[in-house]
Amino acid sequence: MANVAIIGAQWGDEGKGKIVDLFTHDADIIVRFQGGNNAGHTLVVDGKKTVLHLVPSGALHPGKLCVIGNGVVVDPEVLLKEIAGLKQNGWLLDDASLRISEEAHLIMPYHKAIDQARERLRGEGMIGTTGRGIGPAYEDKVARIGIRFIDLLEEETFQEKLRRNIEEKNIYLKAILKEKALDFDKIHDRYSGYREKLKTYVTDTGLLLDREMRAGKRVLFEGAQGTLLDVDHGTYPFVTSSNTVAGGVSSGTGVGPRHIHQVIGISKAYTTRVGSGPFPTELHGSEGEILKREGIEFGATTGRPRRCGWFDAVAVRHAVRISGITGLALTKLDVLTGFKKIPICVAYRYDGKLHEEFPASIRAMQSAQPILEEMDGWDTPLTAVRRFSDLPANAQKYVRRIEKILETEVILVSVGPDREQTVMLKNPFEARQ
Ligand code: IMP
């Protein structure tokens with residue numbers, strides 16, 4: 001039996017929540033390894049919608065262990081709210097079913113203040129961040145001044161780090177960002193309260209995962225955001241601040257790469273993006289509006305409308321290579337019903353030439369014109385389809401064409417938000433290691 005990583009293959013919002021939830025049946029442990037509450041994983045169980053921002057999607061299955069790995073940045077206020085909400089609905093009743101890495105970094109009030117103030121000052125050039133303090137929290141981690149859960153648990157260390165950081169951040173907030181200074185005592189008291197409520201969950205999760213895997217437990221690593229938002233391999237600087245690719249699993253959990261046996265890339269059957277940044281297949285007219293309306297394309301975290309466009313095979317092929325994707329889950333195929341022609345972007349044109357590979361240059365990406373290959377559409381609704389052979393012939397052709405261009409097998413097609421609205425072709429947990 002395999003351990004499986006689930007990774008976004010586009011700009012996030014690919015429908016990872018549903019796929020993780022589906023495969024959670026086959027896993028014992030579900031682990032988040034990067035990002036924070038910039039993510040919003042929507043799960044629909046028996047028609048009831050739950051949006052999770054920090055707790056791994058396994059929380060909606062009794063008996064599963066949920067782990068927040070060291071690579072995640074955690075806003076304790078948001079986490080506590082999420083835990084309380086889950087408990088109210090009868091989930092996560094056993095505190096032992098959630099574990100937080102002692103090495104995970106905390107999002108502090110100054111991270112949020114800096115994130116939001118910077119975006120305001122950037123004006124037109126804004127990244128369109130979620131404003132949750134994600135970038136500034138990762139900056140502090142890399143600058144070696146971040147506050148980890150283990151630091152929060154040690155009062156003296158916490159006080160020392162917090163005092164030093166607040167002193168420095170207040171200078172930056174006041175002089176550069178023209179914001180108000182933050183108060184040490186207030187933050188110290190608030191976070192001391194969080195410590196009392198969260199300490200029961202904090203442990204060495206790398207060690208825990210090692211022990212569990214040795215005991216034969218199967219692990220599902222739950223990615224957040226998507227490959228094209230990866231800080232190294234995405235459309236930099238219009239990216240998030242973590243490694244969203246499969247490589248991030250090891251550094252973000254303390255589990256060596258040889259324990260990741262399958263990498264499932266999740267991609268919509270078209271493309272969406274929230275926030276700023278290049279998007280070569282973006283549709284600005286009525287077709288984009290149809291995708292937005294039919295796909296209900298509004299952010300799960302911020303409620304912002306998502307930009308919509310055709311499937312970009314150049315971008316997803318890049319994701320397949322960077323993350324070593326072994327199988328693709330294609331979501332929201334049902335949304336494409338009704339289009340006469342469905343284009344797929346197979347290359348970009350910029351600088352007067354055709355390019356099949358994803359460029360590092362933001363200028364190249366901004367000027368890239370998509371080279372489109374048109375597929376015939378279908379009219380029959382797909383939401384009740386459960387077997388691949390029951391899909392309309394043109395929908396089957398569309399999926400097969402994507403497989404061919406990406407040289408990657410499609411292992412699942414999703415035709416609606418509910419768990420049941422799924423065409424399963426292959427279970428990655430049953431793949432040979
Ligand atoms: P940040 O992660 O809040 O710093 O935002 C950086 C960029 O990543 C922005 O364009 C956000 O819209 C985007 N982003 C962050 N998290 C998500 C997500 O979960 N889904 C889609 N886009 C995201």
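Since we're looking at a predicted model, the values are computed, not measured. Both counts, for ligands and for their atoms, begin at 1 and track the order of listing.
Side chain of Asp312 to backbone of Thr281: no donor-acceptor contact under 3.5 angstrom is found.
Arg195 is linked by a salt bridge (charged side-chain N to carboxylate O under 4.0 Å, His left out) to Glu155, counting only residues two or more places apart in sequence or in another chain. In terms of the side chain to side chain donor-acceptor pair (under 3.5 Å) criterion, Thr203 has no residue partners (sequence neighbours excluded).
Taking the centre of each ring, Phe158 and His188 come in below the 6.0 Å mark.
Taking a heavy-atom cut-off of under 4.0 Å, ligand 1 is surrounded by Trp11, Asp13, Asn38, Ala39, Ile127, Gly128, Thr129, Thr130, Gln225, Leu229, Val239, Thr240, Val274, Gly275, Arg304.
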Under 3.5 Å, which donor-acceptor pairs do the side chains of residues 322-329 form with other protein atoms, sequence neighbours left out?
{"from": "Ser323", "atom 1": "OG", "to": "Ala246", "atom 2": "N", "distance (Å)": "3.0"}
{"from": "Thr326", "atom 1": "OG1", "to": "Gln262", "atom 2": "OE1", "distance (Å)": "3.1"}
{"from": "Thr326", "atom 1": "OG1", "to": "Val263", "atom 2": "N", "distance (Å)": "2.9"}
{"from": "Thr326", "atom 1": "OG1", "to": "Val263", "atom 2": "O", "distance (Å)": "3.0"}

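A salt bridge does not link Asp26 to Arg218: none of the charged nitrogens lies less than 4.0 Å from a carboxylate oxygen.
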